[in-house]
Q: 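Sharing a structure with you now.
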Amino acid sequence: MAIIESNIDEMVEVERRQRAAALFHCLADPMRLMILEHLRTGEHKVRELTEHLGLAQSTVSAHLACLREGNLVKVRAAGRSSFYSLCDERTLDQILRSAQPLFAVRNVDHQWHDEHVPNLEGRS
């Protein structure tokens, strides 16, 4: 007897893949990883993150929006200020820890595209 998947099962699987892709997209940028590391120290305003990272406010805000979409960062409004913090530090630690063995593989260098090359001179 053959098992036939319903359209609902297929849609659930597509959504699961989309969420996984969004998560990996969030983790694919070195600056977003730096923001996540800094948020381990507690919640911060965008201004504090821009000062710490030396990035433009709009850049930090765009990174935070991506991290929020990936459910890695949450925001708390307090008056006119917004405070950002990690959603679930333990889960983030598990994800990064499980990826550690992949970091050690050196047999093939990653070929960075121009848009991935970090700007080390402070130019946009």
Side-chain angles (χ1 to χ4, degrees):
M1 179 173 172
I3 297 175
I4 299 172
E5 286 188 27
S6 70
N7 286 342
I8 293 173
D9 292 338
E10 190 175 310
M11 291 180 347
V12 167
E13 187 62 22
V14 167
E15 185 171 329
R16 185 194 64 77
R17 281 191 217 110
Q18 288 173 332
R19 286 184 184 194
L23 172 66
F24 289 119
H25 173 76
C26 290
L27 298 173
D29 186 281
M31 286 299 149
R32 286 194 286 273
L33 290 173
M34 287 178 64
I35 290 170
L36 291 171
E37 284 298 320
H38 194 64
L39 289 176
R40 287 175 186 272
T41 65
E43 62 182 13
H44 293 281
K45 296 179 185 178
V46 173
R47 181 186 51 77
E48 295 166 345
L49 292 168
T50 59
E51 290 171 2
H52 177 74
L53 298 169
L55 297 173
Q57 182 271 329
S58 59
T59 302
V60 171
S61 292
H63 285 311
L64 288 168
C66 179
L67 293 168
R68 284 182 65 200
E69 289 174 13
N71 293 320
L72 294 172
V73 169
K74 60 187 173 185
V75 63
R76 177 180 65 85
R80 293 179 51 191
S81 298
S82 296
F83 294 88
Y84 291 86
S85 61
L86 297 176
C87 283
D88 186 349
E89 189 171 349
R90 276 186 30 209
T91 301
L92 179 61
D93 287 342
Q94 288 175 328
I95 292 167
L96 295 175
R97 198 173 27 252
S98 66
Q100 285 295 327
L102 299 172
F103 300 157
V105 175
R106 290 282 186 206
N107 58 353
V108 177
D109 287 334
H110 178 75
Q111 299 299 313
W112 289 96
H113 301 288
D114 288 341
E115 63 270 14
H116 290 145
V117 176
N119 183 355
L120 302 177
E121 298 177 12
R123 288 179 275 161
S124 300

Q: Does a side-chain heavy-atom distance below 4.5 Å link M34 with L53?
A: yes

Q: Below 4.5 Å, heavy atoms only, C-beta onward: do L23 and N71 meet side chain to side chain?
A: no

Q: If you measure from the Lys or Arg side-chain nitrogens to the Asp or Glu carboxylate oxygens, is any gap between D93 and R40 under 4.0 Å?
A: yes

Q: Measuring from R97:CZ to Q100:CD, what's the distance to the nearest 0.5 Å?
A: 9.0 Å

Q: Write down the atom of R32, the atom of H25, and the distance for their closest heavy-atom approach.
A: NH2-O, 2.9 Å

Q: Quick one: does T41's side chain get under 4.5 Å of H52's, heavy atoms only?
A: no

Q: Hey, mind stepping through R16 and R19 against side chain to side chain contact (heavy atoms under 4.5 Å, CB included) and telling me if it holds?
A: CA-CA 5 Å; R16 185 194 64 77; R19 286 184 184 194; 5.9 Å; no

Q: Looking only at non-hydrogen atoms, find the nearest pair between S98 and P101 and report the distance.
A: O-CD, 3.4 Å

Q: Do you reckon F24 sits in the same ILVMFWY cluster as L72, going by side-chain contacts under 4.5 Å, direct or chained?
A: no

Q: Is there a side-chain contact between R76 and S82 in this structure, where contact means two heavy atoms from C-beta onward sitting under 4.5 Å apart?
A: no

Q: May I have the step-by-step check of side chain to side chain donor-acceptor pair (under 3.5 Å) for Q57 and S61, ending in yes or no?
A: CA-CA 6 Å; Q57 182 271 329; S61 292; 2.7 Å; yes

Q: Take H63 and T59 through the side chain to side chain contact (heavy atoms under 4.5 Å, CB included) test and state the conclusion after the steps.
A: CA-CA 6 Å; H63 285 311; T59 302; 3.8 Å; yes

Q: Rounded to the nearest 0.5 Å, what's the gap from CG on D9 to CD on E13? Could you check?
A: 9.0 Å

Q: Given side chains that start at C-beta, do those of R68 and V75 come closer than 4.5 Å, heavy atoms only?
A: yes

Q: Salt-bridged, K45 to E48, with N to O below 4.0 Å?
A: no

Q: Please report the C-alpha distance between L49 and L55 in whole Å, then the side-chain angles of each, then the deciding distance to 0.1 Å, and finally whether the side chain to side chain contact (heavy atoms under 4.5 Å, CB included) criterion is met.
A: CA-CA 8 Å; L49 292 168; L55 297 173; over 6 Å; no

Q: With the side chain counted from C-beta on, respond yes when V46 and Y84 share a heavy-atom pair under 4.5 Å apart, and no when they do not.
A: yes

Q: How many angstroms lie between CG in L39 and SG in C87, if you round to the nearest 0.5 Å?
A: 10.0 Å

Q: Considering non-hydrogen atoms only, spot the tightest contact between K74 and L86 and give its length.
A: CE-O, 3.5 Å

Q: Any side-chain heavy atom of L92 within less than 4.5 Å of one from L27?
A: yes

Q: Quick check: do L67 and C26 have side-chain heavy atoms less than 4.5 Å from each other?
A: yes

